[in-house]
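Throughout, protein chains are lettered first and strands after them, A, B, ... in sequence-line order, and every chain is numbered starting at 1.
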There are 2 protein chains.
Amino acid sequence: MRSYGQYCSIARALDLVGDRWTLLLVRELLLRGPSRYTDLKNGLPGVAANLLATRLRELEQMGLVRREDAPPPVATQVYELTEDGAALEPVLKALGLWGMRYMNEEHAGDAFQASWLAYVPAWFTNDADPAGPPAAIQLVADDEHAVIELGDGSVRARAGRTDHPDLTLVGPARAVLGVLLAKIDLQRARALGLTVKGRRDLLGRLRPAKGLSEAPRP
Amino acid sequence: MRSYGQYCSIARALDLVGDRWTLLLVRELLLRGPSRYTDLKNGLPGVAANLLATRLRELEQMGLVRREDAPPPVATQVYELTEDGAALEPVLKALGLWGMRYMNEEHAGDAFQASWLAYVPAWFTNDADPAGPPAAIQLVADDEHAVIELGDGSVRARAGRTDHPDLTLVGPARAVLGVLLAKIDLQRARALGLTVKGRRDLLGRLRPAKGLSEAPRP
DNA sequence: CCGGATCCCCAGGGATACTG
DNA sequence: CAGTATCCCTGGGGATCCGG
């Protein structure tokens, strides 16, 4: 990218990661951990192959990404974030938090992945009952599966499934996320196609982070 | 900008503000408040006139910027952030904080402005002695003037000058910012051309925010 | 199948000139 | 002062191809 030519830390940051696809690539590396080229390509639907290779090369040269040989089972290379690269997490959190206000409308044809389902509760909710017992919530949105695990005072989430969840939410992504962040109530979520099974009181333990509760928008 | 086509709040955010110059334009509106077109153009050295006009139109249509008639003295229009636009402040702070690690090197020819000098202490330092008496620090870097005001437990900063500062720092931007954030000591700063006059103990009241102190880099 | 490299084409951005 | 108009050029999208 052309430099903005400004001695300003915001401009400097954008000089490095302001290019198209760059921050989404960092998102993938942050959410998935060390990843192969093909996994990244799958995680970034729409990216051109050459562009992904170029970005990875640039990020490596800037010192934000490291290329390493994968551990024994696989014989290929993996890409992972360096310390400087991982330090972008607050940037992605801030962007993601701000962007939540535009998640009310689902645009037809938008891609969706389990890891994007998982980071929302993990990043943007707290446990309102930190001393409460462990619990697991199974999320299923557009056939993507994620699990929220409550306990030890934290809200953790990951892509995948769990046996014996205490609560299961199945429905369109918009409804699942809306309910998790208390932006829409169960009544409206059901109208959007949400199915709820299990201990719905657990939803009360998910307290939306500041900057979200502002006011549900039309 | 082309949409990324992903149902992910980070991608959504970048759909709106990921375009070139957009976040820097928001930075200007945030730091300067309601601004005229020409002020924005001056605050964004290097931007093409047509691009600035396009971005303002796009941001207005997205609901991030509002165009209004200026109060009586001037007969022109001003642009200002809406609530949604101003909510980008945490994003700019996160980006700016991350970018500080690349401010050690000044690139020849980089533009520099007083408002960019001011936001660094205002955003990235706290008063280590919140109950301490009011004090003012005059900053002069590359002929740009800014003032830090301590008192009432907060660190405020603005472009401009003050009479009777308690401390005055004059020198290249890199040295002034480095000293403010405790990334370089006075000894080294002086070697870089910094001049210090007044109560240098006041520097001890500026406590760098988390995410900065990590370790000065070469 | 993985990890790219190559090629073509178009939209978005840069520089400058011009206008109400 | 507040933009438009124009031209040029680069960066990115999309498809295909290629070596391991």
Side-chain angles (χ1 to χ4, degrees), chain A residues 1-6 11 14-25 28-29 32 34-62 65-80 109-111, chain B residues 1-6 11 14-25 28-29 32 34-62 65-80 109-111:
Chain A
M1 155 176 281
R2 270 181 69 101
S3 167
Y4 283 107
Q6 302 184 356
L14 292 173
D15 280 346
L16 277 89
V17 298
D19 265 323
R20 189 160 165 78
W21 288 106
T22 301
L23 281 175
L24 292 186
L25 175 50
E28 287 304 303
L29 289 168
R32 311 164 62 107
S35 309
R36 296 177 306 168
Y37 176 90
T38 304
D39 297 330
L40 293 172
K41 185 154 171 48
N42 292 335
L44 296 169
V47 74
N50 56 354
L51 194 56
L52 177 56
T54 302
R55 287 287 176 275
L56 283 168
R57 212 179 306 122
E58 291 166 349
L59 286 174
E60 187 180 1
Q61 160 186 356
M62 293 174 200
V65 160
R66 185 169 35 226
R67 183 195 304 248
E68 288 218 337
D69 293 332
V74 273
T76 179
Q77 300 194 109
V78 295
Y79 297 89
E80 62 183 326
D110 272 5
Chain B
M1 157 176 278
R2 276 179 68 100
S3 167
Y4 284 108
Q6 302 184 355
L14 292 173
D15 280 346
L16 277 89
V17 298
D19 265 321
R20 189 158 167 79
W21 289 107
T22 301
L23 280 174
L24 292 186
L25 176 50
E28 287 305 302
L29 290 168
R32 310 165 64 109
S35 309
R36 296 176 307 169
Y37 176 91
T38 304
D39 297 330
L40 293 172
K41 186 155 170 49
N42 292 335
L44 295 170
V47 75
N50 56 355
L51 193 55
L52 177 56
T54 302
R55 288 286 176 275
L56 283 168
R57 214 177 305 124
E58 292 166 348
L59 287 173
E60 188 180 1
Q61 161 186 355
M62 293 175 202
V65 160
R66 185 170 35 229
R67 183 194 305 247
E68 287 219 337
D69 293 332
V74 274
T76 178
Q77 301 195 108
V78 295
Y79 297 89
E80 63 183 326
D110 272 4

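In this structure, B:Leu40 atom CG and D:dC1 atom P are separated by 13 Å, rounded to whole Å. The separation between B:Arg2 atom CZ and D:dG12 atom C1' is 9 Å, rounded to whole Å. Here D:dT10 presents its P atom at 14 Å from CZ of B:Arg20, a figure rounded to the nearest Å. The CG-P distance, from A:Asp15 to D:dG11, rounds to 14 Å in whole Å.
B:Gln6 is not listed as a side-chain neighbour of A:Asp110, based on a closest heavy-atom distance of 4.5 Å or more. Here the side chains of A:Leu29 and A:Ser35 are in contact, with some heavy-atom distance below 4.5 Å. Using a 4.5 Å cut-off on side-chain heavy atoms (C-beta onward), B:Leu40 and B:Leu56 make contact.
In this view, A:Asp15 satisfies the salt bridge (Lys or Arg N to Asp or Glu O under 4.0 Å) rule with no residue, not counting sequence neighbours. Partners of B:Arg67 according to the salt bridge (Lys or Arg N to Asp or Glu O under 4.0 Å) rule, which considers only residues two or more places apart in sequence or in another chain, are B:Glu60. Residues passing the side-chain hydrogen bond (donor to acceptor under 3.5 Å, both in side chains) test with A:Asp39, sequence neighbours excluded: A:Arg36. Listed by chain and number, the residues in a side chain to side chain contact (heavy atoms under 4.5 Å, CB included) with B:Asp19 are B:Met1, B:Thr22, B:Arg55, B:Glu58 (sequence neighbours excluded). Residues satisfying the side chain to side chain contact (heavy atoms under 4.5 Å, CB included) test with A:Glu80, not counting sequence neighbours, are A:Pro34, A:Arg66, A:Glu68. Residues satisfying the salt bridge (Lys or Arg N to Asp or Glu O under 4.0 Å) test with B:Arg32, not counting sequence neighbours, are B:Glu28. Checked against ring-ring contact (aromatic ring centres under 6.0 Å, His included), A:Tyr4 has the following partners two or more places apart in sequence or in another chain: B:Trp21. For B:Leu16, the side chain to side chain contact (heavy atoms under 4.5 Å, CB included) criterion is met by A:Trp98, A:Tyr102, B:Met62, not counting sequence neighbours.
Distances shorter than 4.0 Å separate some side-chain N or O of B:Tyr79 from OP1 or OP2 on D:dG3. Taking 4.0 angstrom as the limit, A:Trp21 places a side-chain polar atom (N or O) nearer than this to OP1 or OP2 of D:dG13.
The C1' atoms of five pairs define one axis at each end of the helix from C:dC1-D:dG20 to C:dG20-D:dC1, and these two axes lie 30° apart (to 10°).
Residues of residues 48-57 of chain B that place a heavy atom closer than 4.0 Å to DNA chain C, in numerical order, are B:Ala48, B:Asn50, B:Leu51, B:Arg55.
A 4.0 Å heavy-atom criterion places the boundary nucleotides of DNA chain C facing chain B at C:dG13 to C:dA15, written 5' to 3'.
Between A:Asp39 and A:Tyr4, the residue anchored nearer the 5' end of DNA chain C, judged by the nucleotide with its closest heavy atom, is A:Asp39.
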